Each structure stands twice: as structure tokens, then as C-alpha cells.
Amino acid sequence: MPSDPRIDKALRALAGPIERYRSAVVTTVEEVRGYLASHQPKEESADGGVAAGLGKFAAGRIDIDRFSSFTNTTVQDNPDTLKKVEKAFEILRDVASGGEDAFVVKVKSGGRLRDAVGGRWAEIGRAFAAARVVSMAQAGSLNSKNEDKLLEPLNFERWNQAERQLAPPLVVELDGADLHAGDLVEFLDGTVKIVLVVNGEMAPAPLVRLITPSIFVLQTAGDAGLDRFAGAEGPAVAALVSKSAARFVHDPARGKTPGERLELTALPEAEPGAAVGGTSVRQQLDELEQLKNLAAEPAAQIAESEDGAAGPVATKVDKLAAWLLSQADLSDA
């Protein structure tokens, strides 16, 4: 189990998304067990004690006999196909029985955040690769032309949209000097959720670079805001930082403009005076200034002109004046 209490807090907050992913894997394990049981002699069938092998997680969640009727009589009992499916079965069973360590990543000091996260996603992707192999076997399309490397780690870039919607969350521990937010951009899709547990000195507002209309972004001290983060519908990234860093939350559900979506709760007491890792003082100042600008932007909507093109910004005062005029009786004027 992770020793850092912040990691424990992050894992507790992410219990829901982790459970959803594990439940899907367990269900797939049972589907594959049913497939194997129906495509080979009974004495050679897959281990009927799979639920026991899954440990306490399986208790009360799966029905051992639920998938026993899964058959596909149109598929030949090809020994080579069965071997591939059996290997996929073992991969899925290992994933389903794994502990919380599977969702925790440690970035070595001086290492790249992208490499650490990408490597773990590739390992997690083996479960998706295994499920694909089973689907191909069921469809009768698993043959020598497409068997090579099918069960190897599957990089995130090769995940389809359904797999990205099912992605489990990650908790990543790293030094503040190694927090390069741009390393995470390619992974923020589907329902991906990443919590960064930051150690030591860091730039004051690195995650501001990830603020886009659909991404939930959080910099927080302690665990404030983690419940909202875990409940976000789309991709989300959070950093657990010290009180010397800026704290803010960007919630896409709060509105259409950055000013509506962004809540700035704290700024550093002092401006940055030295580079942190590869981030210069100017870059740190730019990030802080961008954060202030986004938070200060007035909540406004773009009015459309009669021809459908974007018109001038309508402030709250403009809207109030327009409403008052619409209610006034000016027929005698």
C-alpha cells in the first residue's frame, strides 16, 4: 500500500472510477471463462475457481455460473485460437486480481512525466488488448496474419473511444521540478483522471496550461476539491500542492466562459525568483498572469447578430438595460 497519506487520500477519492474499471474487467473475465468452457473438452476447460482466485473483490460482484451458457457454435474449436484466448484470459484475470498499486505511478527524480504515465497506460492497455483478442476469436477472425503482438502492452494512442471512456484513474507521485503539464495533454481524453502528488519546490501554477473548455483542472492543498474532481464527467487532472503554490479549480460544468468556469482561491504570497527544473522565472510569471487573466474575465456571452455571426459581448448591464426596455410601454413616446 502507498505510504504517503496524500496518495491514500487520492485513491479514496477515486474509489468510484477504480471500482467501475475493475467491475468491467471482472465481467470480461467471466465472459471469457464461459467462452473457453464452451469451446474445449470439459476436462480442459478454464479454471472454474476463478472467482476464488480474484479474492475478496469478486465476492458478491459476480455470478460464477452466469456466463456458463455463452456459446458460439459457428466458431471452430481451433487449438491455436484457444491458446490465444487462454493467454488473454490469464492477462485479464491478473488485472482483475491486482491491488491499488496498479493505479499508482512514481516518477523517478529527473524523469519525464509523459514516459511514466504513458508506460503505465500501456500496461493497463493489455487488458483492452486481451479483450480485443477474445472479440476477434468470437468473430472467427483470429488467424496467423493478425496474432503477432496482439497481447503486448497497448499504448494509449491506440486505445479507441470506448476504451478511453473506461480508463482507470492514475495517481502519480513526482518532484515539483519534474511537473511539466504539457506532458499530459495527449492523455486527457475520454474519462481519464490523473492526480499528481507533488513533492518539493514547484512552479506556482503549472496546470494553468491545461485549461481548456472540456477539462476539469484542480490545484489544491490537502484534499479540497477532490470530490468534485472525481465526479467530473470528462477528462480531469489534479495536483496536490503545497500552500506556497496557487490554488484554483477549473470546472467545465460551471459555464461557457473561462471566467465562469474558473475559481481562484489563493495566489502565492511572493512572485517566483528562481527557475524550477526547466521552467524559467518568465515562464512561471506568464503562468501566473494567465491564471489571473482567466479568473478576471467577466462572465459574458457572445450575442449573435441577425446574420448568425458573433456580435459584441453582452455584459450583465447590457442585458438588464435590454430587459427594462422590453418591459417599458413606449407607445406614447
Side-chain angles (χ1 to χ4, degrees), residues 17-40 44-47 50-51 53-54 57-58 61-63 66-98 102-103 105 114-115 117-170 186-194 234-235:
I18 290 174
E19 168 83 5
R20 179 173 60 92
Y21 169 75
R22 279 177 158 171
S23 294
V25 175
V26 167
T27 298
T28 305
V29 167
E30 289 304 291
E31 291 179 352
V32 179
R33 186 183 71 85
Y35 174 90
L36 288 172
S38 65
H39 284 74
Q40 59 186 4
E44 297 177 6
S45 62
D47 180 12
V50 61
L54 293 174
F57 177 75
R61 290 180 170 83
I62 57 177
D63 180 350
R66 178 181 175 188
F67 299 102
S68 60
S69 61
F70 271 69
T71 59
N72 188 343
T73 57
T74 62
V75 179
Q76 296 292 325
D77 294 341
N78 184 298
D80 291 335
T81 294
L82 288 177
K83 286 181 181 179
K84 288 291 186 295
V85 175
E86 286 170 352
K87 186 174 180 181
F89 176 79
E90 293 300 325
I91 290 172
L92 288 163
R93 189 165 57 171
D94 288 345
V95 171
S97 61
F103 311 109
V105 181
R114 180 192 180 280
D115 295 340
V117 172
R120 182 57 56 88
W121 282 134
E123 286 299 323
I124 288 172
R126 291 191 75 199
F128 297 136
R132 292 183 186 184
V133 165
V134 176
S135 294
M136 293 169 68
Q138 291 174 327
S141 59
L142 190 61
N143 55 60
S144 59
K145 294 181 179 179
N146 54 30
E147 288 176 357
D148 293 343
K149 302 182 179 180
L150 285 179
L151 293 173
E152 291 186 354
L154 186 69
N155 291 335
F156 185 85
E157 65 193 46
R158 295 171 57 199
W159 294 15
N160 60 38
Q161 280 303 309
E163 292 160 350
R164 295 182 183 204
Q165 289 294 328
L166 192 59
L170 288 184
E186 66 187 279
F187 305 115
L188 296 178
D189 192 22
T191 59
V192 165
K193 289 178 174 56
I194 301 173

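These numbers come from a predicted model, not from an experiment. Side-chain atoms are counted along with the backbone in the values below, which use heavy atoms only and exclude waters and symmetry mates.
To the nearest 0.5 Å, the span separating CD on Glu186 from CZ on Arg114 amounts to 4.0 Å. Annotation: the span from Phe128 atom CZ to Ser135 atom OG amounts to 12.5 Å, rounded to 0.5 Å. One finds the CG atom of Leu92 at 8.5 Å from the CZ atom of Phe89 (value rounded to the nearest 0.5 Å). Atom NE2 of His39 is separated from atom CD of Glu86 by 12.5 Å, given to the nearest 0.5 angstrom. Here the straight-line distance linking atom CZ of Arg164 with atom CG of Leu188 works out to 10.5 Å at 0.5 Å rounding. Rounding to the nearest 0.5 angstrom, the gap separating the NZ atom in Lys84 from the NZ atom in Lys87 is 7.0 Å.
Contact between Arg132 and Arg158 at its shortest, heavy atoms only, is NH2-O, 2.8 Å. The minimum heavy-atom distance linking Ala96 with Val26 is given by the pair CB-CG2, 3.9 Å. Ala129 and Leu150 make their closest contact through CB-O, 3.3 Å (heavy atoms, listed as atom of the first residue, atom of the second, distance). A pairwise comparison of heavy atoms in Val192 and Ala167 identifies CG2-CB, 3.9 Å as the closest pair. Closest non-hydrogen pair, Ile124 versus Ala102, comes out as CD1-O, 4.2 Å. Closest non-hydrogen pair, Phe103 versus Pro168, comes out as CE2-CB, 3.6 Å.
Here the side chains of Tyr21 and Thr191 are not in contact, with every heavy-atom distance at 4.5 Å or above. Annotation: side chain of Thr28 is not in contact with side chain of Val134 (no heavy-atom distance under 4.5 Å). The closest side-chain heavy-atom distance from Arg20 to Leu166 is below 4.5 Å.
With hydrogens and angles ignored, the 3.5 Å screen pairs no side-chain donor or acceptor of Glu30 with any backbone N or O of Thr27. Asn160 contributes a side-chain N or O that, together with a main-chain N or O of Ala162, makes up a donor-acceptor pair within less than 3.5 Å.
Taking the six-membered ring for Trp and thresholds of 30 and 60 degrees, Trp159 and Phe156 have ring planes inclined between 30 and 60 degrees apart.
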- List the steps and the verdict of side-chain contact (heavy atoms from CB on, under 4.5 Å) for Val29 and Arg33. CA-CA 6 Å; Val29 167; Arg33 186 183 71 85; 5.5 Å; no
- Message: side-chain contact (heavy atoms from CB on, under 4.5 Å), that's the test. Do Gln138 and Val85 meet it? Break it down for me.
- Response: CA-CA 10 Å; Gln138 291 174 327; Val85 175; over 6 Å; no
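The pair Glu90-Arg93 meets the salt-bridge criterion, with a side-chain N (NZ, NE, NH1 or NH2) lying under 4.0 Å from an Asp/Glu carboxylate O.
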